[in-house]
Peer 1: 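Got a structure for you, questions after.
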Amino acid sequence: MEEKDKIIASLRQQLRKVLRENRAQKQEIALLNHELERAKMKPPKERSLNYL
């Protein structure tokens, strides 16, 4: 395999890794946003009980 082919293969592997990490971060953000919206909809008394 030529050097440029090795570089291309390495860059593709790095790109796949970064894309996986990006998807995981997007999922985490979506989950946190969902939890935030749920917390906003809870009555104040119920919300305060979660912090005990």
Peer 1: Holding to side-chain contact (heavy atoms from CB on, under 4.5 Å), I want the full list of residues that pass it with I29, two or more places apart in sequence or in another chain.
Peer 2: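 I29 satisfies side-chain contact (heavy atoms from CB on, under 4.5 Å) with N33 only.
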
Peer 1: Quick test of your reading: applying salt bridge (charged side-chain N to carboxylate O under 4.0 Å, His left out), list the pairs with at least one residue in residues 2-17, sequence neighbours left out, ordered by first then second residue.
Peer 2: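 Residue pairs passing salt bridge (charged side-chain N to carboxylate O under 4.0 Å, His left out), neighbours aside: K17-E21.
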
Peer 1: Run the side-chain hydrogen bond (donor to acceptor under 3.5 Å, both in side chains) test against Q27 and tell me which residues pass, sequence neighbours left out.
Peer 2: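 side-chain hydrogen bond (donor to acceptor under 3.5 Å, both in side chains) list for Q27, sorted by chain: empty.
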
Peer 1: Can you name the side-chain contact (heavy atoms from CB on, under 4.5 Å) partners of E35, sequence neighbours left out?
Peer 2: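 side-chain contact (heavy atoms from CB on, under 4.5 Å) list for E35, sorted by chain: L31, L32.
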
Peer 1: Once side-chain contact (heavy atoms from CB on, under 4.5 Å) is applied, do any residues pair with R38, and if so which ones, sequence neighbours excluded?
Peer 2: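 Expected list: H34.
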
Peer 1: CD1 of I8 to CD of Q13: how many Å apart, nearest 0.5 Å?
Peer 2: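 Reported value, rounded in 0.5 Å steps: 14.0 Å.
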
Peer 1: Quick one: name the residues clustered hydrophobically with L11, using the 4.5 Å side-chain heavy-atom rule over I, L, V, M, F, W, Y, and just say none if it's on its own.
Peer 2: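 Answer for L11: I7.
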
